[in-house]
Every structure is written in structure tokens, then in C-alpha cells.
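Chain A is the first sequence line, chain B the second, and so forth, proteins listed ahead of strands; every chain is numbered from 1. Keep in mind that the numbers below use all heavy atoms, side chains included, and drop hydrogens, waters and symmetry copies.
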Amino acid sequence: MSTVWKRWIPAAVAGVVVAGAAVAVPLSAGATAGLPGKSPQEVLALVAGSSVTAFSGTVEQTSDLGLPTLPSGTGSGSGSASHSGGATSGGTSGSEGSAGTAAAASSALDLLTGTHTARVYVDGTTGSGNLRVQVLDQLAERDVIKQGDTLWLYDSGKQTAVHATTSATADAVPTGPEQTATPQQLAAKFLDAASSTTDVSVGGDVTVAGRSAYDLVLTPQSGSTLVGAVSIAVDSATGLPLRVEVTAAGASDPAFSSSFTSLDLSTPPADLFSFTPPAGTTVTEKTVEKPSAPSGDATAPAHSASDAAKPIVTGTGWSSIVELPAGSDSSALTSSPLLAQLTTPVSGGHLLSTTLLNVFVADDGRVFAGSVSAEALEAAAAQ
Amino acid sequence: MSHSDEADSPTASGARVTQPLTRRPTAGWALMGSELAVLFRRRRTWVMLLALALIPVLVAVAVRISSAGSSGRGPAFIDQISQNGLFVALVALTICIPLFLPLTVGVVAGDTIAGEANLGTLRYLLVSPVGRVRLLVVKFVAAMAFCLAATVVVVLAGVLIGAALFQVGPVTLLSGDTIGVGQAGLRALLIAGYVTVSLLGLTAIGLFVSTLTDIPVGAMAATVVISIVSQVLDSLPQLDALHPWLFSHYWLDFADLLRQPIEWSSFGSNALLQLGYVAVFGALAYGRFASKDVLS
């Protein structure tokens with residue numbers, strides 16, 4: 001009888017070993033060597049003094065904003081039939097109509113839901129800097145390649161490419177995967193906001209992408225914001241921000257996280273930054289000036305896109321509210337069936353509610369956004 | 001099918017009975033050789049490989065005779081076929097991975113032990129001094145060989161029919177970079193390797209299920225059902241935490257080999273995951289098979 005039991009020992013051992021490895025490997029990755037203690041100011045100086053100009057790495061971005069998960073393929077263009085209608089009609093004909101904007105909106109929304117992995121290559125040692133971001137979708141890829149003054153956006157699923165010069169990138173390229181921001185860009189943004197409105201402290205040492213890091217924790221003093229805490233992991237050796245996590249007020253797990261999963265500080269090969277659109281790709285050329293919307297655009301007859309609507313900011317610090325006056329962009333957004341699905345109708349408009357950000361679209365076309373409660377937005381709209 | 005089984009089995013078991021006469025170190029290789037011969041001489045194996053080869057042919061012919069552009073609809077890469085025939089292999093793989101490859105692998109892996117038991121040849125195999133461990137290993141390696149053959153057949157048939165019906169030229173990678181035909185062939189081989197490795201976990205599960213029963217059809221069906229259940233679970237966003245543990249999770253990530261530079265991390269995590277499945281279900285199969293009363 002005992003021999004029968006012995007036969008099952010390998011099965012038990014294999015199970016225990018696999019389960020043990022599954023538990024132990026993440027734990028050992030989280031173990032940290034004791035770093036010398038630093039004050040928040042010293043960590044901030046470490047960030048400011050960071051001299052890393054070239055690196056390559058893999059970034060994983062996870063968003064749990066309470067938005068419904070979009071059907072896979074929406075925005076990523078990996079073969080959804082419903083999506084191709086909107087994207088090809090607007091994009092390939094070169095018109096800047098509402099279909100293109102709606103596709104851009106769904107593309108941006110796609111990056112704000114679920115998990116995305118991107119490879120980032122940065123080489124700031126030459127000229128105005130080279131950058132390549134590859135958003136790795138399943139069976140597809142979206143690329144941003146910036147070499148000096150030229151910028152390419154490439155979408156392998158739709159087989160489209162956009163060619164632009166750098167000066168046009170600021171406003172004319174709202175759709176690109178660069179919205180998967182690197183921890184560096186995000187940290188700079190948050191460090192700017194860390195003024196008198198924020199408690200800055202240094203948490204326990206963490207390990208990100210196999211590197212020991214200081215954890216800078218920003219806690220808003222205002223109780224009216226939806227943001228509970230922002231945590232920035234700063235590499236102890238180079239001062240490079242390695243991870244940004246945003247936690248909603250009252251929540252324990254981060255609602256948004258952008259983190260390096262691997263980092264290599266050597267200069268990436270130069271040929272990564274040269275891009276030639278492959279044969280069969282539809283290339284759209286972007287000029288420096290953003291062209292005004294076609295006058296025949298049915299969705300925005302009353303608005304001219306040329307009077308570029310400036311956003312108005314009310315409130316201060318974490319609880320500031322951004323008001324976007326009525327314009328063609330907002331009307332294109334509100335007419336998008338995708339956003340109609342995401343928003344809930346409230347009195348006087350529609351509300352897009354997430355754990356970190358609320359967006360209120362008034363019936364007259366004005367858009368209010370802020371990390372504040374929906375009531376505060378509606379109050380701002382009523383003024 | 002049954003006719004060929006009956007025709008093959010006596011000669012195969014006859015060859016195995018003579019093994020004690022040979023020296024022991026070679027006995028394992030002789031058993032391996034005879035097992036592979038039995039597997040690849042079977043008419044069923046040939047029919048399955050032929051069916052797999054038909055899929056790229058169907059894809060290529062369908063794209064060839066329909067001139068209408070599909071513009072983003074249908075499986076990934078299908079738009080590129082008319083520009084480059086090599087993409088037929090990729091489209092065929094994308095189509096085969098969710099169902100056809102698991103189906104054929106499930107048939108082979110589910111048949112390993114249960115098939116012998118059902119034919120009444122398992123007893124004879126074990127009467128000759130072939131250890132049960134060795135028999136399990138040989139059966140698993142033979143099933144692995146089938147995984148490789150099945151994948152290579154799909155890729156090869158795709159490349160050949162693509163080259164026959166369409167022009168072949170430099171291949172555009174997912175990153176937008178273009179590589180030459182030679183390099184593309186190398187990547188196709190890598191992808192075949194990736195898909196083969198991807199199927200090993202399912203093969204080990206099939207081997208274990210096959211030790212549980214004497215009815216091969218039951219083991220085959222159960223293996224295929226398990227692969228489908230795994231893919232269904234993988235598509236439910238509510239089970240996010242479970243996904244990295246499903247053996248089918250990395251199946252479609254073979255596309256990471258089509259990026260520039262190649263993204264190896266999914267290859268590594270896939271290999272590790274499949275190794276874990278092979279270890280656990282191989283050990284379970286040993287536990288079951290070694291403690292089992294073989295009556296047929």
C-alpha cells in the first residue's frame with residue numbers, strides 16, 4: 001500500500017515547487033536592500049539632477065478607472081469590423097472630420113482602460129533627441145518614432161502611418177500612443193503640482209524593474225479631490241522615475257499605474273529611430289498648422305475650429321476644474337456613440353465618471369473636467 | 001482508421017517484444033523509434049496533418065479569388081497576403097491556434113495511454129521490461145514530435161501556397177520595419193518553435209487525462225474541452241488574476257517575434273509556464289500510471 005502512495009510523491013512535489021516558485025519569485029523581486037534615508041527634498045533633487053539621457057525599457061500601464069472595458073480591438077485596430085468603418089472613412093481620406101476625432105477618442109480611451117505594454121527607446125544624446133515608443137498590442141503594434149524633427153506614427157493593424165514635423169505634434173497629433181506616458185513625463189507633471197497644496201513624504205524603499213528605488217508619496221491636502229495619493233518610485237542610482245501610481249481617495253489599490261518592468265541604461269541602436277513606411281501603408285502627411293475643420297462638417301455647423309477654444313481653469317491645486325468652451329472637438333466627442341455608452345445622463349448634461357477624474361459635458365457643449373466630485377463640476381457649470 | 005490501427009499495432013508490439021534481446025541502453029531509443037514510427041505511420045495522423053495543411057491553402061485560395069479588399073476585417077495579417085504570400089502562414093497559424101491545433105494535439109495526447117489500453121496492447125508493452133516511467137516519457141516525446149510536425153506543416157504549407165499564388169518579397173514586421181526573405185524564414189522557424197512550445201502544456205494535460213481512462217475518445221474530448229475552457233477563461237476580464245496561469249494565455253503572443261527588435265519576454269514566460277504544466281501534469285500522470293492496475 002505504501003508504494004502506491006510513493007508514486008504520487010512527484011506529483012505533490014511538482015505542485016509544491018511550482019506553487020512555491022509562483023509565490024517566492026514576486027516576493028524576492030520586492031525585497032529591497034536598505035537604502036540610506038533621504039528627505040523628500042533630497043529625493044526631488046535626485047530627480048532634478050538625473051542625467052540619464054539614453055535608455056530603453058519596457059513600460060506597463062494599468063488603468064482601473066471604473067470605466068467599462070472596451071471590446072478588444074476598439075482603437076487598437078486589430079481587426080474589429082465595427083471600428084474599421086469609422087477609422088477608414090475619416091482617416092484615409094485625409095479629412096479631419098468628426099469620424100477621425102471619434103476614432104481618436106476611442107483610441108485614447110482604449111489606452112486608458114485595461115493593461116498596455118509599451119517598449120520605450122530614448123536617445124537624448126544627439127540633436128533634438130530621438131524617441132521610439134512601441135505599444136505592443138496582440139498581433140498588432142502602434143509605434144511613435146521621433147528622429148530629430150520628423151515624427152512618424154505607425155499603426156500595423158490599420159496599416160496607416162502619419163508623418164508630421166515636431167512643431168505640429170503639440171496639437172495636431174492627439175491620437176498617438178504617446179499617451180502611454182513614461183514615468184518620467186508623469187513624474188515631472190506631478191512634481192510641478194507639488195506645491196503648498198500637497199504633503200510630500202518618502203515612503204519605504206521599493207524595487208521596480210529590479211532596481212532599488214525611493215518611494216516619493218504625494219498626498220493632497222485638499223479633501224475635495226478624488227486623488228488619494230500619488231506615489232513615484234525614484235531610482236536610487238540615477239534619479240530616474242521608475243513608476244507612478246495614482247490611488248483614488250479611500251481606495252487601497254492604485255487606479256492608475258505606469259511602471260518600468262525592465263530598464264536598460266545603455267544607448268539604444270541608432271537604426272531603431274529611422275523609419276520608412278512599409279509598402280502598402282496609407283501615409284497621411286500632417287502640416288505644421290492644424291487645418292481648420294471642413295466647413296461642410298455636418299456635426300459642427302455653428303462652430304469654427306479656427307477660433308481655437310482656450311480652456312479655462314478654475315479652482316486651485318488638486319481640486320482645479322478645467323472648462324473647455326463649446327467647440328467642434330467637444331461636439332464631435334459628444335456625438336460619438338462610444339462616449340454615449342460611457343456617460344450617464346444627469347440634469348443639464350452627461351457625466352463621465354471615473355475613480356480619478358470626472359468629466360461633465362453640458363448640453364450646450366461646454367466640457368468640465370477635474371479630479372473633483374460630480375457635484376462640484378455641476379456647480380461650476382451652473383455658474 | 002480502425003483498420004490501419006489493427007494493421008499497425010501487431011507489427012509495432014512485435015517490434016517491442018523483441019526489445020529485451022537488445023542491450024539495455026539502446027532499448028529506450030528502440031522504443032522511441034518504434035513509437036514515432038507507429039504514430040507517423042498511422043493513417044489518422046496523416047489525415048490530421050493533411051487537414052492542417054488544408055487551412056493555409058483555403059485561406060490563400062479565398063484571398064486569391066476574392067478581389068474585394070477586406071480593409072481591417074477578418075483575422076490579423078489577412079490584408080497583407082495579397083502583397084506578400086508569406087503572410088499566409090501567419091494567418092493560418094492565427095486561425096489554427098485557438099481550435100485546430102489543440103484539437104489535433106488533443107487527439108494525439110489523449111490517445112497515448114488510453115489508446116494502448118483500449119487496443120489491449122498496454123499489457124504487452126509493460127510485460128516486456130519497459131518501465132512505466134520510460135513508456136510515459138516515450139509517449140510524451142512522441143506527442144511533442146507531433147506538436148512540432150503539426151506546426152511545421154501549417155507554416156510550411158502556408159509559405160508554399162503563398163509563394164505559389166502571390167508574390168513573395170521583403171516582409172513588413174509589426175513595428176513597420178522591413179526584413180528580407182531569408183530573415184523572414186528564420187522568424188517563421190522561431191514562430192513554429194514558439195507555437196510548438198505553447199502546445200506542450202496541453203500535451204502534458206492530455207497525457208495525464210489519458211492515464212485516467214481506457215477509452216481514448218473520452219481522453220481526447222476531455223483534452224480538447226480543457227483547452228477550450230482555458231481560452232474562455234482567458235477572455236473573461238473579470239478573471240484577470242488567473243490569466244497568467246492559463247496555459248493558453250500566451251498562445252497568440254507569437255506575434256512578439258514579429259517585432260523589431262524581437263520581444264523575447266513572452267517567449268520566456270511562455271516556456272516557463274509550459275514547463276510548469278509539463279512538470280505538474282507529467283508528475284500527476286506518473287502518479288496515476290505507476291499506481292494503476294493495468295488490466296488490458
At a 4.5 Å cut-off on heavy atoms, which part of [X] comes close to chain A: side chain, backbone, both, or neither?
| X | result |
| --- | --- |
| B:Phe77 | side chain |
| B:Ser175 | both |
| B:Pro170 | neither |
| B:Glu263 | both |

Next on the checklist: Quick test of your reading of the model: are A:Lys146 and A:Asp123 salt-bridged, counting only N-O distances below 4.0 Å?
Outcome noted: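 Result for this pair is no, no salt bridge flagged.
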Checklist entry - Hey, is B:Lys139 close enough to B:Glu116 for a salt bridge, meaning N to O under 4.0 Å? => result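 Counted as a salt bridge, because a side-chain N and a carboxylate O are separated by less than 4.0 Å.
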Checklist entry - Given the options B:Pro261, B:Gly276, B:Ala255, which has more heavy-atom pairs under 4.5 Å with chain A than any of the others? => result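 Answer, by heavy-atom pair count under 4.5 Å with chain A: B:Pro261.
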Item to check | Top contributor to chain A interface from B:Asn84, B:Thr178, B:Thr94, B:Leu252 [non-hydrogen pairs under 4.5 Å] | outcome: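 Heavy-atom pairs under 4.5 Å are most numerous for B:Leu252.
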Checklist entry - Do any pairs count as a salt bridge (charged side-chain N to carboxylate O under 4.0 Å, His left out) and have a residue in residues 238-256 of chain B, sequence neighbours left out, and if so which ones? => result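 For residues 238-256 of chain B, and leaving out neighbouring residues, the salt bridge (charged side-chain N to carboxylate O under 4.0 Å, His left out) pairs sorted by first residue read B:Asp256-B:Arg259.
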Next on the checklist: Please tell me whether A:Ser262 and A:Thr58 have a donor and an acceptor in their side chains that are separated by less than 3.5 angstrom.
Outcome noted: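 There is such a pair (donor and acceptor under 3.5 Å, judged by atom type) between the side chains of A:Ser262 and A:Thr58.
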Next on the checklist: Between A:Glu285 and A:His163, is there a side-chain donor-acceptor contact under 3.5 Å, judged purely by atom types and distance?
Outcome noted: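 Yes, A:Glu285 and A:His163 have a side-chain donor paired with an acceptor closer than 3.5 Å.
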Checklist entry - With sequence neighbours excluded, what pairs up with B:Leu136 under the side chain to side chain contact (heavy atoms under 4.5 Å, CB included) test? => result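 Here the qualifying residues are B:Ile113, B:Leu207, B:Thr211, B:Ala285, B:Tyr286, B:Phe289.
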Among the listed options [options], the residue most often paired with chain B at heavy-atom distances under 4.5 Å:
| options | answer |
| --- | --- |
| A:Ala12, A:Ala14, A:Ala161 | A:Ala14 |
| A:Gln134, A:Gln159, A:Arg119 | A:Arg119 |
| A:Ile145, A:Val18, A:Leu136, A:Leu272 | A:Leu136 |

Next on the checklist: Just checking A:Tyr121 against A:Phe273, ring centres under 6.0 Å apart?
Outcome noted: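 No, the ring of A:Tyr121 stays outside the 6.0 Å limit from the ring of A:Phe273, centre to centre.
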Item to check | Non-neighbouring partners of A:Glu60 that pass salt bridge (charged side-chain N to carboxylate O under 4.0 Å, His left out), sequence neighbours left out | outcome: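 Salt bridge (charged side-chain N to carboxylate O under 4.0 Å, His left out) list for A:Glu60, sorted by chain: empty.
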Item to check | Backbone N/O of A:Gln147 and side chain of A:Thr150: donor-acceptor pair under 3.5 Å | outcome: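 Side chain of A:Thr150 to backbone of A:Gln147: a pair is present.
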Checklist entry - Taking the six-membered ring of B:Phe166 as reference, does the NZ or CZ atom of B:Arg64 fall below 6.0 Å from its centre and within a 45° cone about the axis? => result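 Judged by the rule (NZ or CZ under 6.0 Å from the ring centre, within 45° of its axis), B:Arg64 counts as positioned above B:Phe166.
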Item to check | Close contacts, residues 197-205 of chain B versus chain A, judged by heavy atoms under 4.5 Å | outcome: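 No residue falls under the 4.5 Å cut-off.
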